[in-house]
Amino acid sequence: MSILANKKSKVLVQGITGSEGTFHTTQMMEYGTNVVAGVTPGKGGELFLEKVPIFNSVKTAVMKTGADVSVIFVPPGFAADAIMEAVDGGINLVVCITEGIPAKDMVKVYNYVQSLNRDGRSVRFIGPNCPGIITPGEAKIGIMPGFIHMKGRVGVISRSGTLTYEAVDQLTKLGIGQSTCIGIGGDPVIGTRFIDAIKLFHEDKDTDAIVMIGEIGGSAEEEAALFIKKYVKKPVIGFIAGQTAPPGRRMGHAGAIIAGGKGTAAEKMKVMRECGIHVVESPANIGIAVKAALDKNKAKNKAKAKGKTKDKSGKKSAKKSVKNSGKKEKKLIDKTAKKVKKAENKIKKAKKKK
Amino acid sequence: MKIHEYQAKEILKKYGVPVQDGIAIRSIGEFDAAIETLRSRGVTQFVVKSQIHAGGRGKGTVFNKNNRQEVLVEGGVKFFGGNVEKAKDFASKLLGNILVTHQTGAEGKEVGTLFIAEGLDYKKELYLGILLDRSNSKNVIMASTEGGVEIEKVAAETPEKIIKVWVDPLAGIQSYQARELAFGLNLKGAAFKDFIKFITALYKAYEETDASLLEINPLIITNDDRILALDAKVNLDDNSDYRHKDYEALRDLNEEDPLEVEASKSNLNYIKLDGNVGCMVNGAGLAMGTMDLIKLAGAEPANFLDVGGSASAETVENGFKIILSDPNVKAILINIFGGIVRCDRVANGVVQASHNLKINIPVVVRLQGTNAEEARIIIAESGLNLIPADTLKDAAEKVTKAMKVNA
C-alpha cells in the first residue's frame with residue numbers, strides 16, 4: 001500500500017484543455033494514471049485525446065465517471081474557485097498545481113474545507129504551488145518526471161518541486177524506492193502541511209522511513225518535528241533549504257521568507273535535531289542519509305531478532321543520538337558514502353571486465 | 001511588494017482610516033507649496049519624514065551621497081513645530097542623500113521622496129498590526145499598549161502585552177472582536193468608540209487591497225483624544241497583482257537593486273547577495289539548496305536565481321547576463337534538474353550563451369534528469385571554460401576547486 005494515490009485512483013483533471021493541462025494529462029496517462037474525466041466549462045461533451053470525456057462541471061463529471069481525485073491546472077485567478085468546485089462536487093482528494101494564487105483566496109478555501117471537515121466530510125487538498133503526488137508504478141497525479149521514481153518503501157514530503165526530484169533521484173540511484181512522494185507546495189497557505197503528511201506515512205505500514213524537505217519561512221517543520229518526537233518510530237531524514245537566505249526577502253516561493261527573525265533554517269534544523277530527526281546540512285547528502293538510517297534500522301532489527309539488544313539499551317542510544325546528532329550524523333553519512341563508493345567502483349570494474 | 005508610508009496612508013484614507021495628514025515631495029522646490037497647502041488645511045506644526053522601504057528611520061543617520069564618510073544629519077524623521085525654515089534645511093539635506101538605519105544595512109538607501117506631514121501632540125502610542133498567521137491560515141489582528149517600539153521586541157520580552165484576535169475569513173471581523181482589542185488597549189470613552197471604527201475600516205482595507213501585512217506603529221491618541229495612524233506600513237501580496245492594475249504605479253524602482261529590476265524584465269527570479277559564486281537553478285527550493293551547497297563548499301553564494309520550470313536557451317543566456325553584471329562573481333554554478341525539460345537542450349543553450357557572451361570565469365555545469373548523459377558530452381566537448389559535474393556533491397567539489405585555482 002501507499003498513501004493517498006494508487007492505481008485504483010480515478011483522476012479528474014480540471015483545466016484539461018489548457019496548455020499545461022493538456023501536456024501534463026498526456027504525461028500522466030503515459031505513466032499509467034487512470035484519468036477518467038476532464039473539466040473545462042463550455043467544452044462539455046468533447047473528448048480529450050479521443051478517449052477521456054470532458055464535462056462542464058465537476059459535479060457532472062463525478063456523477064458520470066465516479067472520479068475520486070481531482071488535479072487542478074487552471075490559472076491563478078480561477079484556482080480557488082476550482083478547488084471549491086471540486087470539493088463541493090464530492091471529490092475528497094484535490095491536488096492543486098497552480099502557482100501564484102493570492103493568499104486571501106487560499107485563506108478562504110482553507111477555512112471552507114476545514115468547516116466541511118468539521119461537519120463530517122473528510123476532504124484533503126494538497127498544494128497549491130506544488131508538483132503533486134506520485135505513488136511510483138501506480139499513479140502520477142501532478143507534474144513530476146515519472147521516470148526518476150522507483151517503487152519502494154520510503155515516503156517523501158517536500159515544499160519544493162525540483163529539490164524533491166533531486167532527493168528522489170538520489171534515492172533511486174542508491175536503489176531505494178519510494179512508497180509515495182508528496183509535494184505540499186511553497187505557498188504560505190497550503191491544504192496539507194508537513195504534520196498531516198507525516199501522520200499518513202506514520203500510519204502506512206508499507207513506509208519504512210520518511211524524508212521531509214523543508215525550507216525557510218513559517219513554522220510547519222517545527223510543528224511536524226514535535227509530532228515526530230512524540231509518536232513516530234520510523235526514521236525521519238530532513239533537509240531545510242535556505243540556510244544562506246537573507247532575511248526579509250521572498251526566495252521564489254511566496255512562503256519562503258524569514259519574517260521578523262522567524263522561520264530561519266538554523267532554528268528549524270535545531271528543533272528538528274532535538275526531536276530526533278536526522279538533519280543533513282547538504283542537499284547532496286539526502287539519499288546517503290536515508291541509506292544510513294535504513295541500514296542502521298536493519299542492523300538493529302537483526303540484532304533484535306537474535307535477542308542481543310534489550311529494549312533498554314535501545315532507548316539509551318536513541319537519547320544519545322539526539323544529543324550529539326549533528327556530529328554523529330556526519331560520521332554515519334561519511335561511512336555510508338564510503339560503502340556506496342566501494343560498491344559503485346565494484347560495478348564499474350565489473351562493467352570494464354565485460 | 002513593499003510601498004512607502006505616504007502611499008500606504010493614501011490607501012488607508014480611501015477606506016476611511018484616520019491618518020496623519022501630509023504631502024509627498026520629490027524635490028526641495030516642492031517644499032514651500034506643500035507647506036502652504038498643509039497650512040490651508042489648518043496644520044501649524046510640521047514633521048519631515050524620509051520615505052524609504054526600511055524601518056528605524058528616526059534613529060538613522062544621513063550620509064552625503066558623494067562622500068559616504070560625511071554625516072549630514074542624524075535622524076531621518078524630525079519634528080520642527082512651526083519652524084518651517086529649519087524643516088526646509090533638514091529636507092534639503094535628506095533629499096538625494098543616503099539614509100542608513102539598522103534595517104538598511106551599511107549601504108543604506110537613497111532618499112528620493114519626503115513626506116511633509118502635520119506635527120501632532122499625543123499622549124499615548126499604541127501598536128496595531130494585521131497579518132496572516134501561517135500556523136492556522138487565518139488573519140490575525142495584533143494590538144499592544146507598547147507602541148512605537150518594534151513588535152518583535154515586545155513579543156520576545158513581554159509577550160503578555162500583545163493581544164491577538166483571529167478573524168474567520170468566511171465571517172469577517174465581528175464587533176466583539178473589535179471590543180476585545182479596545183478593552184485590551186485600556187481605551188475608554190470617545191477613544192474606545194473611535195478605535196472600533198478605526199479597526200473595522202483598517203481590516204476592510206487589509207482585505208480589499210490584498211495586503212500581506214498592515215502595520216500601524218504607532219497608533220496614537222492625540223492630546224485632544226483623536227485616534228489616528230502616525231505611521232503606516234503596508235505590504236501587498238504579489239500574487240494579487242493581476243486584480244489590482246493600479247499597484248504597478250506604487251512600485252518604486254529606486255528601492256530595488258538595478259540588477260533585480262533588470263532580471264524581472266526577463267521574467268527571472270533573481271535576488272542579489274554578497275558572495276562570489278553565482279548560481280543559476282530551476283526551481284526555488286533547489287535554488288536555495290544550491291546556495292547552501294556553495295556555502296558548504298567553502299564559497300559564498302552571489303545570488304539566488306530561479307529560471308523557472310522550463311529553462312530554455314534564451315532564459316539561460318539572460319540569466320548569464322544578469323549574473324555576470326555582478327563584478328564580485330568569480331565562478332558560476334549551473335544546476336538544472338531536467339524533469340520535463342531535456343538536459344541536452346539546456347546544455348546547448350549554455351554552450352551557445354557562453355560562446356555569445358565570451359565568459360572567461362569557470363562555469364560548473366550540472367545537468368541531471370532527462371538526457372543528462374548527452375548533455376554532459378555536449379558540455380565536455382564544447383571547448384569552452386565549462387566544467388561538467390555529475391552529482392550535487394561532485395558539483396560542490398568542482399566549485400571549491402575552481403575557486404582555489406582562481407584565487
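Chain identifiers are assigned alphabetically (A, B, ...) following the order of the sequence lines, protein sequences preceding nucleic acid strands; residue numbering begins at 1 within each chain. Computed over heavy atoms, backbone and side chain alike; hydrogens, waters and symmetry mates excluded.
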Proximity breakdown for A:I148 and chain B, heavy-atom pairs closer than 4.5 Å:
side chain
Most chain A-contacting option - heavy-atom pairs closer than 4.5 Å, from B:S240, B:S212, B:A297
B:S240
Could you grab the distance from atom OG of B:S135 to atom CD of A:E223, nearest 0.5 Å is fine?
7.5 Å
Of all the heavy-atom pairs spanning A:P283 and B:G289, show the shortest one and how long it is.
CG-O, 3.4 Å
Where the side chain of B:D237 meets the backbone of A:A103, is there a donor-acceptor pair that is under 3.5 Å apart?
yes
Given that the side chain runs from C-beta out, which part of A:K173 has a heavy atom under 4.5 Å from chain B: side chain, backbone, both or neither?
side chain
Part of A:Y110 lying under 4.5 Å from any heavy atom of chain B
side chain
Within a strict 4.5 Å, meaning less than it, do heavy atoms of the B:P169 and A:Y112 side chains meet?
no
Honestly, the part of A:Q27 sitting under 4.5 Å from a heavy atom of chain B is side chain
Check whether A:R250 gets within reach of chain B through its side chain, its backbone, both or neither, counting any heavy atom under 4.5 Å.
both
B:K393 vs A:I288 side-chain heavy atoms within contact, under 4.5 Å
no
Least distance between heavy atoms, B:G285 atom then A:L163 atom:
O-CD2, 3.6 Å
Within a 6.0 Å radius of atom CG on B:N136, are there more than 12 heavy atoms belonging to other residues, nucleotides or ligands?
yes
Under the 3.5 angstrom rule, does the side chain of A:T162 hit a backbone N or O of B:N282 as a donor-acceptor pair?
yes
Closest non-hydrogen atom pair between A:V189 and B:S137, with its separation
CG1-OG, 3.6 Å
Kindly determine whether B:R243 and A:D105 satisfy side-chain contact (heavy atoms from CB on, under 4.5 Å), including the steps that lead there.
CA-CA 12 Å; B:R243 58 186 177 204; A:D105 299 6; 2.8 Å; yes
Name the option with the most non-hydrogen atom pairs under 4.5 Å to chain A; the candidates are B:D241, B:D238, B:L273.
B:D238
Between A:E166 and chain B, with a heavy-atom cut-off of 4.5 Å, which part of the residue counts as in contact: side chain, backbone, both or neither?
both
Interchain contact, B:F337 with chain A, by part (heavy-atom threshold 4.5 Å):
both
Give the member of B:E260, B:E150, B:K2 that has the highest number of heavy-atom pairs under 4.5 Å with chain A.
B:E260
Side chains of A:E215 and B:M288 in contact at under 4.5 Å (non-hydrogen atoms):
yes
Please check if any side-chain donor atom of B:K138 sits under 3.5 Å from a side-chain acceptor atom of A:Q114, or the reverse.
no
Contact origin within A:I240 toward chain B - heavy atom pairs under 4.5 Å
backbone
Between the side chain of B:R134 and the main-chain N/O of A:G255, is any donor-acceptor distance below 3.5 Å?
yes
Is it true that the side chains of A:K104 and B:N239 contain a donor and an acceptor less than 3.5 Å apart?
no
dist B:L392:CG -> A:I286:CD1 (nearest 0.5 Å) comes out at 8.0 Å
Within 6.0 angstrom of A:K291 NZ, more than 12 heavy atoms from elsewhere
no
Check whether more than 12 heavy atoms from other residues, nucleotides or ligands sit under 6.0 Å from atom CD of B:E146, and answer yes or no.
yes
So, do B:T370 and A:F147 sit near enough that their side-chain heavy atoms are less than 4.5 Å apart?
yes
Looking only at heavy atoms, which two atoms of A:T244 and B:K295 are closest? And how far apart?
CG2-CB, 3.5 Å
Taking all non-hydrogen atoms of both residues into account, name the closest pair between A:F239 and B:D292 and its distance.
CZ-OD2, 4.0 Å
Rounded to the nearest 0.5 Å, what separates atom CG in B:N269 from atom NE2 in A:H253?
9.5 Å
